[in-house]
Novice: 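Pasting a structure below so you can have a look.
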Protein chains: 2
Amino acid sequence: MARKKPEVNSCDCQGARKSRRRDAVLDAVASSDGHLSAEEVHREAKKRLPGIGIATVYRSLKCLCGCGKVSEFIPPDGVARYEAAGSRGHHDHLVCTACGCFVEAVDPEIERLQERLAARHGFRLEGHRLEIYGLCACCARKK
Amino acid sequence: MARKKPEVNSCDCQGARKSRRRDAVLDAVASSDGHLSAEEVHREAKKRLPGIGIATVYRSLKCLCGCGKVSEFIPPDGVARYEAAGSRGHHDHLVCTACGCFVEAVDPEIERLQERLAARHGFRLEGHRLEIYGLCACCARKK
DNA sequence: AAGATAATGATAACCGTTATCATATGGCGA
DNA sequence: TCGCCATATGATAACGGTTATCATTATCTT
């Protein structure tokens, strides 16, 4: 007999069960400023569940990204960073090439033009990544 | 006595010497469609200089990127890809999430708006990376 | 409570990239 | 042309973030 689908949990992935650790990972990401690396998420999550392992953090992050609760941002150094999605909505990043700081930014007009660009090439738009590199105001002043 | 600066070679990096291998790497990248991974560049370069090692390819690519002869593009999978810069000039990428194909595209208006966005946040613009994800025309048709 | 299956932790494996180090090479002055 | 010496090179070990493996535990349904 077909089993009933498990109740909704922090991850809506197909067949996923409720899990204290995944909740802890989501909470760790959601209660931070964002831009946490997996290792930093692990550190935060351990404050909630001391025994949680790094593998679980990676698995949970992947799951939470899959269901849209968390979004992944991969800066030029290739180390993935995570932030809670939804709360602040979509945004792009201005990355300082000197100090490595991030600034979040959105330009509705750019968003709109991207749709146009995708359409022009026959692409069905699903998402995008825009990163602008340069010197932040602080670093530009020092040079 | 101060030595004279060596003559210009395929890499204008400060103090760089002319080198057959670096020339081979540049040629390998330049004579392809672009979007080659380091391993693929290595394979191409070996057709020109059979004994060339992978480490030299990585070193040469870094050097060539540094002086602007080659540009690096890091897709979502994190594996760097290289293409000759200059010839076709700057462009962004439309990446198909189904088949993984790339399409090059530029929208001058987006470029301009990015400058405005950077300025608005006090950033001194140095560069940017724009990748648009979606289904290419071919894959969209199949679904 | 029992059975089925997803979740977990520890850790080995993976893999692209870099560092290391001994040797070879290029380019300059003589 | 020769010799010097900094740069370039090749082989390979090391690195580091991420994933796979596997035995065990937790969760959900009946």
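To find a chain, count down the sequence lines: A is the first, B the second, and so on, and within it residues start at 1. Worth saying up front: this structure is predicted, and the values here are computed from it rather than measured.
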Novice: Nearest to the side chain of A:Lys62 - D:dG10, C:dA4, D:dT19?
Specialist: D:dT19
Novice: Find the distance between NE2 (A:His121) and SG (B:Cys136) and round it off to the nearest 0.5 Å.
Specialist: 12.5 Å
Novice: What pairs with B:Arg48 under side chain to side chain donor-acceptor pair (under 3.5 Å), at least two apart in sequence or on another chain?
Specialist: B:Asp27, B:Ser31
Novice: B:Arg22 CZ to D:dG10 C1': how many Å, rounded?
Specialist: 15 Å
Novice: In whole angstrom, what separates B:Tyr58's OH from C:dA19's C1'?
Specialist: 14 Å
Novice: Can you check whether A:Arg17 has a side-chain N or O nearer than 4.0 Å to OP1 or OP2 of D:dA26?
Specialist: no
Novice: Verify whether one side chain among A:Gln114 and A:His128 offers a donor that lies under 3.5 Å from an acceptor in the other.
Specialist: yes
Novice: What residues form a side chain to side chain donor-acceptor pair (under 3.5 Å) with B:His42, not counting sequence neighbours?
Specialist: none
Novice: Regarding B:Arg59, tell me which of base, sugar-phosphate or nothing describes its non-hydrogen contacts under 4.0 Å with the strands shown.
Specialist: base
Novice: State, to the nearest 10°, the angle formed by the axis through the first five base pairs of the helix from C:dA1-D:dT30 to C:dA30-D:dT1 and the axis through its last five.
Specialist: 40°
Novice: Tell me whether the OP1 or OP2 atom of C:dA6 has a side-chain N or O from A:Ser19 closer than 4.0 Å.
Specialist: no
Novice: Specify the separation, in whole Å, of atom NZ of B:Lys18 and atom P of D:dT9.
Specialist: 12 Å
Novice: If I take atom CD in residue B:Glu72 and atom P in nucleotide C:dT18, what distance separates them, rounded to the nearest angstrom?
Specialist: 8 Å
Novice: Given atom CG of B:Leu61 and atom C1' of D:dT9, what is their separation to the nearest angstrom?
Specialist: 15 Å
Novice: Please work out which residues in residues 43-56 of chain A have a non-hydrogen atom less than 4.0 Å from an atom of DNA chain C and list them by number.
Specialist: A:Gly51, A:Ile52, A:Gly53, A:Ala55, A:Thr56
Novice: Calculate the interatomic distance between A:Ile74 atom CD1 and D:dG16 atom P; express it in whole Å.
Specialist: 19 Å
Novice: Please write out which residues are connected to A:Leu117 in a hydrophobic cluster, directly or through intermediates, given that two of Ile, Leu, Val, Met, Phe, Trp, Tyr count as joined at side-chain heavy-atom separations below 4.5 angstrom.
Specialist: A:Leu94, A:Val103, A:Ile110, A:Leu113, A:Phe123, A:Leu125, A:Leu130, A:Ile132, B:Leu94, B:Val103, B:Ile110, B:Leu113, B:Leu117, B:Phe123, B:Leu125, B:Leu130, B:Ile132
Novice: Taking for each residue the nucleotide of DNA chain D with the nearest heavy atom, is it B:Val57 or A:Arg20 whose nucleotide lies nearer the 5' end?
Specialist: B:Val57
Novice: Between atom SG of A:Cys67 and atom NZ of A:Lys69, what is the distance when rounded to the nearest 0.5 Å?
Specialist: 4.0 Å
Novice: On DNA chain C, nearest-nucleotide positions of B:Ala80 versus B:Arg21: which is more 5'?
Specialist: B:Ala80
Novice: With sequence neighbours left out, what residues match B:Glu109 under salt bridge (charged side-chain N to carboxylate O under 4.0 Å, His left out)?
Specialist: A:Arg116
Novice: Hey, what do you get for CZ (B:Arg81) to CZ (B:Phe73), rounding to the nearest 0.5 Å?
Specialist: 8.5 Å
Novice: Between C:dT8, D:dT18, D:dA26, which one does the side chain of A:Val79 approach most closely?
Specialist: D:dT18
Novice: At what distance, to the nearest 0.5 angstrom, does OH of B:Tyr82 lie from CG of B:Leu26?
Specialist: 14.0 Å
